[in-house]
Amino acid sequence: MIYHVKELQFNARVSKPDPRFARLLLEQFGGGNGELKAAMQYFVQSFACKNTYPDKYDMLMDIAMEELSHLEIVGATIQMLLTGINGELKDAADSAEINEMMKGKATKEDFIQEATINPQFGVLSGGSPLLTDSNGVPWTGAYVNANGDPTVDLRSNIAAESRAKIVYEYLLKFTDDPYVKETLIFLMTREVTHFQQFEAALDTIQPNFPPGILQSNPDYSNLYYNLSKGEDVRGPWNEGKSTRLKETWEYVENPLEQVTETCGLTKMKDKKTERPKNKVKEMDEKLSKERSKEVKDANPPKDQQWTNYNI
């Protein structure tokens, strides 16, 4: 059950209408890194966690609902920025509020041209937000990433919060309205908060690397291929030990030669690694059994109900 409270989480305000910035802000309303994408992503991901990871279910649902509240804040801000466009555009341009915005420096036609920099505001939405990005591309469920494994989904969420934050950073450069900036800074800050929450939640699932269950094949996991011409650059991504598996990087100077000699890597010579294959197989089997049992135990095969009402 979702209950709507009419008061906004943050007191969104604008100093004056600004249709041009309203168009840019649509990116966080119906864009690929926007608030609706985040809300739906966490909402969808939560279902797989309901019984197996009830603590993650609670967190994902809470954050999904907060993202919906952020969508409301963004939509309200866009609506205020579009003040004066509603109704018949030429009549709206005669209003005192719009005249004040123009400060006598533009004609009615100039303002209409400016207001309809996104024509959909005038010809489709009547001066209200649309579920599109800043270029009018409709929102799509393809933006949502949900793989049914929390070690994968939580990493997707960390990345999603990072992208949303940087969009707010970019948006801040395109408005001088102090009230709008306050709202954008609030929304940007909550992306940082959620990043940390997802990071902390991921850390409570151990082991969580590599993502999923299977450990990866030691024959290929430490190879770095030199696949570009020019100066060879070395760093911790191709020398020393890898960050998580702690394997020594093998720098393949001539990838074509290696691939040819090994019949497309199918006849690799046995090599000593920090993760012997028999050990990896044992880890795969052990973790597979643990996760499988965890899911099966938490999800009865029959007579299920989503909520216990304790009547």
Look at the side chain of [X] and the backbone N and O of [Y], then say whether any donor-acceptor pair between them is shorter than 3.5 Å.
X: Asn208; Y: Thr151; value: no
X: Gln45; Y: Asn145; value: yes
X: Thr140; Y: Ala142; value: yes
X: Asn217; Y: Asp219; value: yes
X: Asp153; Y: Asn147; value: yes
X: Arg13; Y: Tyr179; value: no
X: Glu169; Y: Lys165; value: no
X: Ser242; Y: Arg244; value: no
X: Asp297; Y: Glu294; value: no
X: Ser69; Y: Glu66; value: yes

Where is the tightest heavy-atom contact between [X] and [Y], given as atom of each residue plus distance?
X: Ser221; Y: Glu247; value: OG-OE1, 2.6 Å
X: Leu265; Y: Thr262; value: N-OG1, 2.9 Å
X: Pro211; Y: Val152; value: CB-CG2, 3.9 Å
X: Thr175; Y: Leu184; value: CG2-CD1, 4.1 Å
X: Pro236; Y: Trp249; value: O-NE1, 3.2 Å
X: Ser134; Y: Arg23; value: O-NE, 2.6 Å

So [Y] and [X], do their side chains get closer than 4.5 Å, heavy atoms only?
X: Pro19; Y: Leu82; result: yes
X: Phe29; Y: Leu36; result: no
X: Trp139; Y: Lys37; result: yes
X: Asn51; Y: Val295; result: no
X: Pro178; Y: Ser15; result: yes
X: Glu199; Y: Leu154; result: no
X: Lys277; Y: Pro218; result: yes
X: Arg275; Y: Ser216; result: yes

Same apolar cluster: [X] and [Y], side chain cutoff 4.5 Å:
X: Val280; Y: Leu287; result: no
X: Met61; Y: Phe198; result: no
X: Leu25; Y: Met188; result: yes
X: Phe186; Y: Val167; result: yes
X: Tyr168; Y: Leu8; result: yes

If I take atom [atom1] from residue [X] and atom [atom2] from residue [Y], how far apart are they, to the nearest 0.5 angstrom?
X: Thr193; Y: Ile63; atom1: OG1; atom2: CD1; value: 9.5 Å
X: Glu67; Y: Leu187; atom1: CD; atom2: CG; value: 9.0 Å
X: Gln215; Y: Phe209; atom1: CD; atom2: CZ; value: 9.0 Å
X: Asn254; Y: Gln258; atom1: CG; atom2: CD; value: 9.0 Å
X: Asn238; Y: Asp232; atom1: CG; atom2: CG; value: 9.0 Å
X: Asn157; Y: Leu60; atom1: CG; atom2: CG; value: 6.5 Å

Before you tell me yes or no, could you show the steps for Asn222 and Leu245 under side-chain contact (heavy atoms from CB on, under 4.5 Å), namely the whole-Å CA-CA distance, both residues' side-chain angles and the distance that decides it to 0.1 Å?
CA-CA 9 Å; Asn222 67 333; Leu245 298 177; over 6 Å; no
Carboxylate-amine/guanidinium contact Glu274 Lys241, below 4.0 Å
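So Glu274 pairs with Lys241 through a salt bridge.
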Run the side-chain contact (heavy atoms from CB on, under 4.5 Å) test on Met268 and Glu261 for me, step by step, so that the C-alpha distance in whole Å, both residues' side-chain angles and the decisive distance to 0.1 Å come before the verdict.
CA-CA 9 Å; Met268 297 279 287; Glu261 290 178 354; over 6 Å; no
Pair [X] and [Y], ring centroids less than 6.0 Å apart:
X: Tyr42; Y: His194; value: no
X: Phe43; Y: Phe47; value: yes
X: Tyr225; Y: Tyr220; value: no

Using the side chain to side chain donor-acceptor pair (under 3.5 Å) rule, take Asn299 and Thr52 through it: C-alpha gap first, then chi angles, then the decisive distance, then the call.
CA-CA 7 Å; Asn299 296 274; Thr52 312; 3.1 Å; yes
Are Asp58 and Asp62 close enough, and set up right, to give a side-chain contact (heavy atoms from CB on, under 4.5 Å), and what steps lead you there?
CA-CA 6 Å; Asp58 185 65; Asp62 283 346; 3.5 Å; yes
Verdict with supporting geometry, Leu171 and Val180, side-chain contact (heavy atoms from CB on, under 4.5 Å):
CA-CA 10 Å; Leu171 285 169; Val180 174; over 6 Å; no
Glu27 side chain to Asn33 side chain, donor-acceptor N/O pair below 3.5 angstrom
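There is no such pair (donor and acceptor under 3.5 Å, judged by atom type) between the side chains of Glu27 and Asn33.
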Side chains of Gln41 and Ser156: donor-acceptor distance under 3.5 Å anywhere?
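Not at all, the side chains of Gln41 and Ser156 share no donor-acceptor pair under 3.5 Å.
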Non-neighbouring partners of Tyr57 that pass side chain to side chain donor-acceptor pair (under 3.5 Å), sequence neighbours left out:
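Checked Tyr57 against side chain to side chain donor-acceptor pair (under 3.5 Å); matches are Trp306.
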Residues in ring-ring contact (aromatic ring centres under 6.0 Å, His included) with Phe195, at least two apart?
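Listed in chain order: nothing, the list is empty.
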Decide if atom CZ of Phe174 counts as having more than 12 heavy atoms of other residues, nucleotides or ligands within a radius under 6.0 Å.
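Open: at most 12 neighbouring heavy atoms sit under 6.0 Å from CZ of Phe174.
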What's the verdict on ring pair (Phe, Tyr, Trp, His ring centres under 6.0 Å) for His70 and Phe10, showing C-alpha distance, side-chain angles and the deciding distance?
CA-CA 9 Å; His70 294 173; Phe10 184 85; 9.6 Å; no
